[in-house]
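Data block below; observations after.
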There are 2 protein chains.
Amino acid sequence: MTTAKNKKFKPINNESSSNISQEVVSRLRDMIHRGEIKAGDKLPPERDLAKLLNVSRPTLRAGIRSLVAIGVLQSKQGAGTFVVNNEGPPSLDGNQLRLLASLRGFTNSEMFEARLALEMSVAGLAAERATSDQLASLAEELAGIFGSIDEPEQFLVHDMNFHQLVAAASGNRILTSLMNMVATILFDVRSKTVKRARDLKESAEMHRIIYRAIRDRKVEDARNAMREHLLNAQAAQAKEMEIGENGKK
Amino acid sequence: MTTAKNKKFKPINNESSSNISQEVVSRLRDMIHRGEIKAGDKLPPERDLAKLLNVSRPTLRAGIRSLVAIGVLQSKQGAGTFVVNNEGPPSLDGNQLRLLASLRGFTNSEMFEARLALEMSVAGLAAERATSDQLASLAEELAGIFGSIDEPEQFLVHDMNFHQLVAAASGNRILTSLMNMVATILFDVRSKTVKRARDLKESAEMHRIIYRAIRDRKVEDARNAMREHLLNAQAAQAKEMEIGENGKK
DNA sequence: TTTATCTATTGGTCTTACCAATAATAGATT
DNA sequence: AATCTATTATTGGTAAGACCAATAGATAAA
C-alpha cells in the first residue's frame, strides 16, 4: 500500500449540520468532481479508508453504499471498491425513475411525449452521425425484428435493441442515458402487454423506414419516421391494453 | 405498533446469488412496485423491521441506505423512515448524472443537444396546457429576468426558474424530471462562467418571446422561440468560456 | 388551554467479532 | 521454466452489542 496515493484522503471533521456518513458521500463526490479520483480507480480498503477519513468502518460503508446505489462506485467482496469504469455505454440507473413511476403513476401520454422528445432527436442525430459499423448493427437488428414478427416477446427485445442502437449512433451520451432510463419503465409496461400484439408487421416496416432514413443521411425523414413509428406504437399499445381489459370480462 | 400492518414484511431467506442487503433492496422495491407500500408511508422502526425480515440491523440499514440514496426513502433520526411523498414536483436526483458528467466529460454540444430535445418539447406542450396561474408565475419570473440584467448571477437563477416553470406548465412529469436532472449539470457549468456574460438583454428578450408564444397558445412559435434561445445561450456560453481562457493569459 | 420539561423512540455512530468471496502466494507437477 | 493446484491473505458482508443524538410524544406546571 502506497501512502503517497492515500495522501489525498484527509480526515473528516464534521462541523456542518449534516451527518458524518453524508459527509463521506460529499467528500468522495467532490474528489470525483475535482478529478482526484478517476474512472476505474480502486479506493483504499474500507478499514484503511475509514482510518484515513477518521470515521468508523460502518459509517464509511454507509457513504460508500450510497455511491454504489447511484452507480458511481462498485464494491466487490474480496476485491475492493472501484469507481465505475469509462468503458461501454454510459448508464444511469433506471430504478429511480421506475420507482417514481410506481409511486406516481405516470400516464401513457407522459411516456409517449417523453419518448417523442428524446427519440426524434436521437434519430435525427443518428442520420447525421451513424458510422458504417453502427449501420451494420442496425441492419442486423432490423433483420431480427422482421424475423420475430410471430413472436411478440422476441420482437420486443429486438425493438428495444434497435432503439438503443439508434441512440448510440446519435453520439450524444446524455440523450442515450436519458433514453435508456425511460426505456426501463417502458419495458415494464410493454412486456406485460406485448403478447397481445396484433399487427407487428406494420411496426417492423416502420423500423425499416427509420433505418433507411438514417442510412441515407436524411435528418428530417429520420425524425418524421420515428415520430410516425411512436404514434403507431402508442396506438398499438392502447389496443393491447384494451384487449387485455376486454379479455377480463 | 400494530402487528397487522407489519404482516406484509416477511422473512428473507436468501437463496439467490445476490447478497442479503441487495435482497432487502429488492424486497422493498417490489413492495413499492406492487403498491404494498405507498408514497408517504412510514416503515417500521429499523430494529423491528430487521427482526421481521430476519436480517441484522446493519444489513437492513445498508438496504435502506441504498433506497435513500436513489431518493425513494427518507430517513429522519428520531422520527423514522418514510417512503417519499407524492406532493410537490417529481424529483430525480441529479447527482448521478452529475458524477457521470465528471467521470465522462460531457461536451457542450451534448448538453446543448439534450436541452434542445427536452426544452423544445416542454415549451410546445406548455403552449398547449399552461394554466393562468402558471402563466402568471412565468410573467413574474420574466420580470425577475429583466430586473437582473446587470447582475449575471441573479439572472442565472431567474433564468433557471423560468425554465422550470415552463417544464411544470408542460404537464409532463417525466420530461420535467429529466429536464431538472440535466439542469443540475448545466447550473454547475454556467455558474462558473456567467459572471463574464456580456449581453443578457438579448437573452431576456428571447425569454419574453417564449413567454408570449406560450401565453398565446402558439405551439410551433414556442418551440422555435425556445430553439433560438438555446442557440443563443450556447453561443453566449462559448463566448463566456473564451473570455475566461483569454483572461488567463 | 398553552407552554415547558421530561421520557421514550428511533436513526446514527462506534467497537468487536466472524463469515464469505476474491486475489495473491507457495508448492507440486509436467 | 511454465502451468496447475492448494493454501493463505486480503477485503467486502453480516452480526451483536453498546452508546449517542435528534425527534416525537407524554406529562406537569402555569
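Chain letters run A, B, ... following the sequence lines, proteins first, then strands; residues in each count from 1.
For the pair F82(A) CZ and dA23(C) C1', the interatomic distance rounds to 10 Å; values are reported in whole Å. Residue Q22(B) contributes atom CD, which lies 15 Å from atom C1' of dT14(D) at whole-angstrom precision. When the C1' atom of dG12(D) is taken as reference, atom CD1 of I20(B) falls 13 Å away, rounded to whole Å. Atom NZ of K76(A) is separated from atom P of dT11(D) by 15 Å (rounded to the nearest Å). Put simply, CD1 on I64(A) is 9 Å from P on dG13(D), counting in whole angstrom units. Distance NZ (K42(B)) to P (dG11(C)): 6 Å, rounded to an integer number of Å. The CD atom of Q74(A) sits 18 Å away from the P atom of dT11(D) (whole-angstrom rounding). The distance between atom CZ of R47(B) and atom C1' of dT9(C), rounded to the nearest whole Å, is 8 Å.
For the pair G78(A) and E46(B), nearest-nucleotide mapping onto DNA chain C gives the more 5' position to E46(B).
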With a 3.5 Å cut-off and sequence neighbours excluded, list the donor-acceptor pairs that the side chains of residues 161-170 of chain B form with protein atoms.
from    : atom 1 : to      : atom 2 : distance (Å)
N161(B) : ND2    : E141(B) : OE2    : 3.4
N161(B) : ND2    : V157(B) : O      : 3.4
H163(B) : ND1    : E119(B) : OE1    : 2.4
H163(B) : NE2    : H207(B) : NE2    : 3.4
H163(B) : NE2    : H229(B) : NE2    : 3.2
Q164(B) : NE2    : N180(B) : OD1    : 3.4
S170(B) : OG     : A167(B) : O      : 2.6
S170(B) : OG     : N172(B) : N      : 3.2

Only pairs under 3.5 Å count here: list side-chain donor-acceptor contacts from residues 75-82 of chain B, not counting sequence neighbours, and write none if there are none.
from   : atom 1 : to     : atom 2 : distance (Å)
S75(B) : OG     : T81(B) : OG1    : 3.1

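The salt bridge (Lys or Arg N to Asp or Glu O under 4.0 Å) test applied to R57(A) returns E46(A), not counting sequence neighbours. In this structure E140(B) satisfies the salt bridge (Lys or Arg N to Asp or Glu O under 4.0 Å) test with no other residue, sequence neighbours excluded. Here R47(A) pairs with nothing under the salt bridge (Lys or Arg N to Asp or Glu O under 4.0 Å) rule; sequence neighbours left out.
Comparing atom distances between the A79(A) side chain and each of dA23(C), dG12(D), dG13(D) picks out dA23(C) as nearest.
Remark: the backbone N or O of T131(A) is paired with a side-chain donor or acceptor of Q134(A) at under 3.5 angstrom.
Counting heavy atoms from C-beta on, the side chains of L49(B) and N6(B) never come closer than 4.5 Å.
Residues from residues 56-63 of chain A placing a heavy atom under 4.0 Å of any atom in DNA chain D, listed by number, are R57(A), R61(A).
Not one side-chain nitrogen or oxygen of S75(B) sits closer than 4.0 Å to the OP1 or OP2 atom of dT10(C).
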